[in-house]
Amino acid sequence: MGYTILIADDDPELVQMLKTFFELRKYTVITARDGAQTVKMSEQDPDIILLDINMPRVDGLEVCRRIRDKVSCPILFLTARVEEQDRVNGLMSGGDDYILKPFSLKELEARIIAHLKREERRRGKSEYRFQGDLSIDYTAKTVQVGGKELELTRLEYGIVEFLSMNPGLVFDKERIYEKVCGYDGEGDSRVITELVRRIRKKMKEYTETEYIETVWGMGYRWIK
């Protein structure tokens, strides 16, 4: 396939199992055993990162925050935590997805493939949207309001991209989560609510125009 995966986990048996599994599927696999090493290995420009939350020296959430501005690839958290707030914290720190331990290798591979294909589609876009004070560059994955570029996380940008490319259509939170993260997002509507709140707050710094409308009891839509 030609893709490079960085596997960051302090469990040597899990790392070896994943390394063997993905190398058999023709991925190039690089590994890290703690947070500090993960930050260093991320400089090798992997196509996707599997990142354990509970790692020594620097935990996965902090690693994600440190490298998010330096790497553009998807980051998938591997976690034994099951509390909703833990999942929310992971996604808000800049992660793109999470998978709970213990997990199915088939499910993990399916999610990885979905994220890699989504990256390829995004890179292939050469489209812009101009609407009032707002402009979206779908190639560079940037959003400007009043000439000022918004500092959006990957998931925040993904919501703007998805809704703005389907103006006037109403999508419920689960559908938005599924489109942005690439799998069934049932139970994660709280994440979308928080992300939309953050997007609106960032836009409001430069414009009073509302671009994302709440349709009560249904979801959100991009205002034409």
Side-chain angles (χ1 to χ4, degrees), residues 1-120 122-123 141 151-158 177 180-183 185 188 191 195:
M1 289 186 178
Y3 294 115
T4 297
I5 299 179
L6 168 56
I7 301 173
D9 198 295
D10 64 338
D11 182 341
E13 294 183 1
L14 176 62
V15 170
Q16 186 57 52
M17 178 187 69
L18 293 175
K19 186 174 188 293
T20 300
F21 178 82
F22 286 109
E23 284 182 340
L24 286 173
R25 283 155 176 76
K26 308 304 180 184
Y27 290 86
T28 298
V29 179
I30 55 179
T31 64
R33 298 293 176 85
D34 61 48
Q37 189 179 18
T38 303
V39 173
K40 181 66 176 177
M41 296 299 289
S42 69
E43 297 174 1
Q44 296 190 28
D45 196 26
D47 295 295
I48 195 163
I49 298 173
L50 304 183
L51 179 58
D52 181 34
I53 287 183
N54 297 314
M55 285 197 300
R57 300 179 66 185
V58 184
D59 71 25
L61 296 178
E62 180 61 27
V63 169
C64 188
R65 295 186 189 102
R66 291 187 186 184
I67 68 175
R68 183 71 280 178
D69 291 337
K70 301 175 184 178
V71 300
S72 60
C73 70
I75 297 176
L76 279 65
F77 281 115
L78 305 178
T79 177
R81 300 180 181 180
V82 297
E83 294 297 325
E84 181 182 38
Q85 188 58 48
D86 292 322
R87 302 197 297 268
V88 170
N89 290 341
L91 296 172
M92 293 304 175
S93 71
D96 298 278
D97 198 352
Y98 62 85
I99 186 165
L100 296 176
K101 297 178 180 180
F103 49 78
S104 157
L105 287 175
K106 288 185 177 181
E107 180 186 1
L108 176 60
E109 183 180 24
R111 294 198 189 184
I112 286 173
I113 291 172
H115 280 284
L116 291 172
K117 287 183 176 179
R118 187 171 301 103
E119 278 298 292
E120 290 180 352
R122 286 177 176 174
R123 290 172 183 170
K141 296 188 284 188
E151 294 185 3
L152 301 177
T153 66
R154 285 173 57 87
L155 291 184
E156 288 168 356
Y157 170 78
Y177 192 96
V180 172
C181 291
Y183 70 101
D188 291 284
V191 173
L195 289 171

CA sep, side-chain torsions, deciding dist, call: I67, E43, side-chain contact (heavy atoms from CB on, under 4.5 Å)
CA-CA 9 Å; I67 68 175; E43 297 174 1; over 6 Å; no
Between I7 and I30, does the side-chain contact (heavy atoms from CB on, under 4.5 Å) criterion hold? Intermediate values first, please.
CA-CA 6 Å; I7 301 173; I30 55 179; over 6 Å; no
For the aromatic rings, using the six-membered ring if either is Trp, is the centroid distance between Y27 and F22 under 6.0 Å?
yes
Would you tell me whether H115 and D96 have side-chain atoms, one donor and one acceptor, within less than 3.5 Å of each other?
no
Ion pair check, K106 and E109, cut-off under 4.0 Å
no
From M17 CE over to E13 CD, what is the distance, rounded to the nearest 0.5 angstrom?
9.5 Å
Value rounded to 0.5 Å, distance of CG in L195 from OG1 in T153:
6.0 Å
Measuring from N54:CG to D11:CG, what's the distance to the nearest 0.5 Å?
11.5 Å
Where do C64 and G95 come nearest, in terms of heavy atoms and distance?
SG-N, 3.5 Å
So, are R154 and E119 salt-bridged, with charged N and O less than 4.0 Å apart?
yes
Looking at K101 and D9, is any side-chain nitrogen of the basic one under 4.0 Å from a carboxylate oxygen of the acidic one?
yes
For the CD1 atom of I113 and the CZ atom of R118, what is their distance to the nearest 0.5 Å?
12.5 Å
For a 4.5 angstrom cut-off between non-hydrogen side-chain atoms, does D45 reach V71?
no
Could you walk me through whether L116 and I48 pass side-chain contact (heavy atoms from CB on, under 4.5 Å), step by step?
CA-CA 8 Å; L116 291 172; I48 195 163; 4.2 Å; yes
For residues D10 and D52, determine if any side-chain heavy atom of one lies less than 4.5 Å from a side-chain heavy atom of the other.
yes
Rounding to 0.5 Å, atoms CG (L105) and CD1 (I112) come to a distance of 9.5 Å
Residue pair D47 / Y3: nearest heavy atoms and the distance that separates them
OD2-CA, 3.3 Å
Look up atom CG in L6 and atom SG in C73, then write down how far apart they are to the nearest 0.5 Å.
8.0 Å
Contact summary for F77 and G60, nearest pair of heavy atoms:
CE2-O, 3.7 Å
Going by heavy atoms in the side chains, are T4 and Q44 under 4.5 Å from each other?
no
Start with the C-alpha distance between T38 and M55, add both sets of side-chain angles, then the distance that settles side-chain contact (heavy atoms from CB on, under 4.5 Å), and finish with yes or no.
CA-CA 10 Å; T38 303; M55 285 197 300; 3.7 Å; yes
If the threshold is 4.0 Å, N to carboxylate O, is there a salt bridge linking R57 and D34?
yes
Side chain to side chain contact (heavy atoms under 4.5 Å, CB included) test vs L18 passes for just one of V29, L108, I5, T31, namely L108
